Each structure stands twice: as structure tokens, then as C-alpha cells.
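Right, one structure below, let's go through it.
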Amino acid sequence: MTDVTHGAPVAAPRAFVSPATERRVVRIVLVLVAIAFLAIFLFLPLISVFYEAFRAGFSAFLRAVTERETASAIRLTLLVAAFSVPANLVFGVAAAWAIAKYEFKGKSLLITLIDLPFSISPVTSGLIYVLMFGAQGYIGPVLADHGIKIIFAVPGIVLATIFVTFPFIARELIPIMQAQGSQDEEAALSLGASGLKTFFRVALPNVKWALLYGVLLCNARAMGEFGAVSVVSGHIRGKTNTMPLQVEILYNEYNYGAAFAVASLLALLALFTLIVKSVLEWRYADEIAATRRH
Amino acid sequence: MARATAFAFRKPSVLPGFGLTLGFAVAYLSLIVLVPLAGLVVKTASMGWPEFWSLATDPRTLAALRLSFGASAAAAAMNAVFGLLVAWVLVRYEFPGKRIIDAMVDLPFALPTAVAGIALTAIYAPNGWIGRYAAEAGVKIAYTPIGIFIALVFIGLPFIVRTVQPVLEDMDREVEEMAATLGANRLQTVVRIVLPTLAPALLTGFALAFARAVGEYGSVIFIAGNIPYVSEIAPLLIVIRLTEFNYAAATAIATVMLALSFVILLAINLLQAWSRRRLGHD
């Protein structure tokens, strides 16, 4: 794109190089170094997951992923995502509405607090729920008296997953809703639409791609969360093992083929997430948040 | 719904639902995040200073913290260099497969950490694709701190690329052209003009990658070898203390890490404010 030839009649016609870019050989070397780095650090691990998963053949792969405890881990992972993603979706929409459409004191504190789970180690995220609901926790014993079990049971896994995926949807929605302002909603209201109708027919459609984007990222993390879930799960086989925990158990039993078979399903989920995410970014760049960090 | 003027702490608006949405958001935030975190603080406070201090300065804890923070800083530094390179190449140059590579940069965000952990271990183990050649050269990667470093480079990379990329895209090329017309060679322009403009974003990305790496668990524990005092990271030590039912020790380590994370988060916010001011936004 920079190889624009000079218009002036020069004796030796030489490709014009813009002074604001590098020489061609430098560019090629930089691109090659970047690709080599990514190949070693990103592509190789991804390829190795599928290579190891199918090393013993497709039938071994099928046997591994349909094995009883693995199937139950897949079901639990889907169940956990089915609880935690909608919970954070409702929160994300409510928080974004309050933050983007109104001016109030303490707003930036609220935004900082919403981002808090991102800066906390997943292990600590699990630990705080153990301290709260564990057998020696603050309210764990009281709940146990009423026959309610949170830690080493499914509710604890759901809670820990909600915690680690807490900011995803809110932080995708807040910037885009802030950028859009509230003229559309005000117009709808002044034309006689009810508050709810305005919300569902005007506000939500305006942010639908950002919403989908947030849900996608939230779901990927919810299904793949390992550290926080590992702390609260108790690793009860066939009961409180999610897919990532099942990967760990199979791996630690030296059952590498099966571990990578389950891992390859999670890697497929990651690839699917990346593809949809990229399509959304290419097609609806203006309608999803300007910031691309997570 | 309450009258708009009833809320002295906000500006009036015709839109309904402020009380409902803010009330729900704050209640949910408190239940899920703030109250459980307060539990951690209360647990630490109830320990008393001498007990907390002796737990936090236990030699094995200190070794784990040193490893976690040291390896994280090293990995973030490596990513600052290569992340900048990747962002640069993606923004400034055209080459085949660019879009796919751009999309793949987010892989570490999307790939579950346990999957990354076992994949990296398979590659860098003494019989793995890369580990094999390293072993021939007499270098052990998996089950040593080098393995931890590699896992942390993997998970930290997107933070740098995605913070630097938008700044680089918005950067005014005319300034570089001007530097060139004024006689600067390309290297001078990059070092004296481009890099200072990118520095705030680069620092922010470094801090984000560092903060993430310090708390990382899933991708590290498989490749680390987990030998106390040598290759045992702080989050793993929390898990070990928990399985021993030593909640006090687990809490103390978590509190130290959390305090450091708060400092980092604060630094990130200050950096972002500073970089916005410098680049003349808002």
C-alpha cells in the first residue's frame, strides 16, 4: 500500500517508500517474527489439544467423551452456565441501564466495584465462598442445620461461576449505552410508549449485538472456569465435576487420551466463541463496545 | 416510581426505572461480590496482627509469593515486547491471514485455563514437541519455573495486544511524516515519537497482564511441577492450605494477594487517567 511510484520523471524509477513506514525487508522480518511467536505460543498449544485427543483414533475419542462420568460433567457444565449466564445477564442489563442513562454520585465507584472480580484470583474467588458457606464458615453451619449444602455441591459451583463471570456483560453494555445516550428512549416515552415497552422495543434492540457479545464471553468463561470451581466443588465424581475439573482428574490419572478428548470439546467451544466474536466485531464494530479489553 | 427530585444524589431524568435497576444492581453486587469479600476481610481482621504476620511471612508462603510475582513480572515484560510487535504488525502492515491471526490473539481469553495447562505441558514435557529439543540441549522447561513463565506468557499476551492496538490505530501518521521531513530517520521516529505515545497503553497492558498472571491457577499447575519453595505458586498454596483445612493460612495468603491486586488496580486506573490526559481525550 505504500509502494506508490513517484510521479516525477526520475532517471532511475525507484519504488517510493513513505517516510512513515519501514523498509520492505524490515516489514517482512517483523511480520515473520510476530507470526513465529504466535505460532509457538498460541497455535501450537491449540493444535496439540486436537492432536492428542484424536491420537488413539476417533472411536477412542467417542468412547472417552461418552463415558458416564464425563457425560455427567458435560451436563453439569451446561447446567452451571444455564444458571450463571442469565443471572449475570439480568444484572448486566440493570447495571448498564442505571449507569448509562442517569447521572448520580458514586457512579465511578460502582463501575470499579463491578470490575473487581476480574482482579481477584479465581482461587480467592472460591475461597471467599468457602469462608462464607463452608462447614466452618459464617453461615454454612446454619444452612447445614436446615439441610442446605452449598460448598462441595452444585449451588457453590454456580455461585463461584457467577462471581468470576460477573463483569462480562455489564462491561460490554455500559460503554455502548453511554455512547448512545438516551434520546431514543426519551423520544419513545414522549410518543406515549410505556417504560417497559421503551425498554424492550427501543433500548434492548439498540444494544443487541453488544449484548450477544457479552453473553458469548460470559458463557465461554462460565463453561471453562477452573480455579474458583475447583476450590468449591470437592471433586465428587459424577456429581460435582464440571468439564474442566474432569480434564484435571483424567489427566492426573495419566488417562491423557480421555483428558485431551474432553479438553478438545472445550477448545471447540473456545474456537466457536472466537469465530462468532470476530464476526460480530467485523460486522457490527460500531454497535459493540469500543473497548476490546476483557 | 419515586419522583425524580426525591433522589438528591442524582440529576433528574425522564427515563423510568432508576430506583429499580440501581437497587437491583447494588443488591446483586453486594450479595455476590461485596459481602463474600467482606467475609475475607473480617476473617483476616479476626486473626489479629501477630498471627496474620506469622502466616504471611511463613517461608513457604514467601517463596510462593516471590515466585508468583516474579514469574508474572517476567512474563508481562516478555509480552510487552512481543505484544507490541504483534499489535504493530496487525495495525501497520498487510499480510495474508492477518484477520485470522488478529482473531486468534484472543484465544487465551477464550480457551479454558485447564485446557491451556495440559496442552502446554504436553508440548514442553521432556517428550513433547518442543520439550524434546530443549531436553537435548539440557534445558528442562516443564515442571520448572520456566514452565510457569511460559504458561503466564500464554495467558497474558492478549492484554498487551488489545490495549496497544486501539491506540496504535488512532495514532496520527502525520506526526511521523513530519518527523521524517524534519530529518529524523525511521528508528529515531519510532523511538522518540511512536513509543512515547504508546507508553501509557503499554504500561496499562503490562499491569493488566501482570495482575492476571499473579492470580492465574489453571494453566500453571499442570506445567509447574508444584515443588514447594521451587515451583509452587501462591494460588496453589491457597488450595493446599484449604485441603488441609488451614483456613487461616489460606485467608492470609489470599489477603496479601488481594492487597497487592488492589494496588495494581489503582495503578491501572491512574495510568488510564494519565494516558487519556496525555493523548488529549476528554
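Just so you know, these numbers come straight off a predicted model, no measurement behind them. Here is the naming used below: chain letters follow the sequence lines, and residue numbers restart at 1 for every chain. Every heavy atom of this structure was used, including side-chain atoms; hydrogens, water molecules and symmetry mates were not.
When all heavy atoms of A:L189 and B:P16 are compared, the pair lying nearest together is CD1-CD, 3.6 Å. Between A:F226 and B:A114 the shortest heavy-atom distance is CD1-CB, 3.7 Å. Closest heavy-atom contact between B:A110 and A:A270: O-CB, 3.4 Å. Annotation for A:Y129 and B:P36: closest pair CE2-CG, 3.9 Å, computed over non-hydrogen atoms.
With sequence neighbours excluded, the residues that form a salt bridge (Lys or Arg N to Asp or Glu O under 4.0 Å) with A:E103 are A:K107.
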**OP:** Decide ring-ring contact (aromatic ring centres under 6.0 Å, His included) for B:Y28 and A:F166; before the verdict, give the C-alpha distance in whole Å, the side-chain angles of both, and the deciding distance to 0.1 Å.
**Re:** CA-CA 10 Å; B:Y28 185 84; A:F166 190 84; 5.6 Å; yes
Original post:
Would B:V35 and A:M132 count as a side-chain contact (heavy atoms from CB on, under 4.5 Å) if you check the C-alpha gap in whole Å, the side-chain angles of each, and the deciding distance to 0.1 Å?
Top reply: CA-CA 9 Å; B:V35 173; A:M132 192 59 79; 3.7 Å; yes
**OP:** Would you sort out whether B:I150 and A:F41 count as a side-chain contact (heavy atoms from CB on, under 4.5 Å), showing the intermediate values?
**Re:** CA-CA 8 Å; B:I150 294 205; A:F41 277 90; 4.0 Å; yes
Original post:
Can you list the steps and then say if A:Y138 with B:K43 is a side-chain contact (heavy atoms from CB on, under 4.5 Å)?
Top reply: CA-CA 10 Å; A:Y138 294 108; B:K43 176 88 181 167; 3.4 Å; yes
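The six-membered or imidazole ring of A:F37 lies near that of B:F82, with a centre-to-centre distance under 6.0 Å. Ring to ring, B:F24 and A:F91 are not that close: their centroids are 6.0 angstrom or more apart. With ring centers used as reference points, A:Y51 lies under 6.0 Å from B:W129.
The closest side-chain heavy-atom distance from A:L38 to B:M104 is not below 4.5 Å. Considering only heavy atoms from C-beta on, B:V33 stays 4.5 Å or farther from A:I120 through its side chain. Between A:E185 and B:V14, the closest side-chain pair of non-hydrogen atoms is not below 4.5 Å. A 4.5 Å side-chain heavy-atom check between B:F18 and A:F104 finds at least one atom pair inside the cut-off. Between B:T113 and A:P122, the closest side-chain pair of non-hydrogen atoms is not below 4.5 Å. For the pair A:K101/B:T21, no side-chain contact is recorded, criterion being any heavy-atom separation below 4.5 Å from C-beta on. You'll find the side chain of A:L42 reaches within 4.5 Å of the side chain of B:P108, heavy atoms only. When side chains are defined from C-beta on, A:L110 counts as touching B:L29, because their heavy atoms get closer than 4.5 Å.
Atom CG in B:L15 sits 11.5 Å away from atom CZ in A:F199 (nearest 0.5 Å). With rounding to the nearest 0.5 angstrom, the OG1 atom of A:T124 is 7.0 Å from the CG atom of B:L40. With rounding to the nearest 0.5 angstrom, the OG atom of A:S278 is 9.0 Å from the CZ atom of B:R99. Here the straight-line distance linking atom CG of A:L30 with atom CZ of B:F95 works out to 11.0 Å at 0.5 Å rounding. To the nearest 0.5 Å, the span separating CG on A:L46 from CG on B:L107 amounts to 5.5 Å. Atom CZ of B:R241 sits about 13.5 Å away from atom CG of A:L127, to the nearest 0.5 Å.
Both the backbone and the side chain of A:V33 come within contact range of chain B, with heavy atoms under 4.5 Å apart. For B:L111, the parts lying under 4.5 angstrom from a heavy atom of chain A are both the backbone and the side chain. Only the side chain of B:I130 comes within contact range of chain A, with at least one heavy atom under 4.5 Å from a heavy atom of that chain. For a residue to count as touching a neighbouring chain, one of its non-hydrogen atoms must lie under 4.5 Å from one of that chain's; by this rule B:A116 does not touch chain A. With a threshold of 4.5 angstrom between heavy atoms, B:S219 does not approach chain A through any atom at all.
Chain A forms the most heavy-atom pairs under 4.5 Å with one residue out of B:F245, B:Y124, B:F222, and that residue is B:F222. With respect to chain A, the highest number of heavy-atom pairs below 4.5 Å among B:I193, B:T255, B:V175, B:L157 belongs to B:L157. Heavy-atom pairs under 4.5 Å with chain A were tallied for B:V42, B:N185, B:I100; the largest tally goes to B:V42. Heavy-atom pairs under 4.5 Å with chain A were tallied for B:V194, B:L242, B:L120, B:V190; the largest tally goes to B:L242.
A donor-acceptor pair is defined here as one N or O able to donate and one able to accept, closer than 3.5 Å; no such pair exists between the side chain of A:Y102 and the backbone of B:S13.
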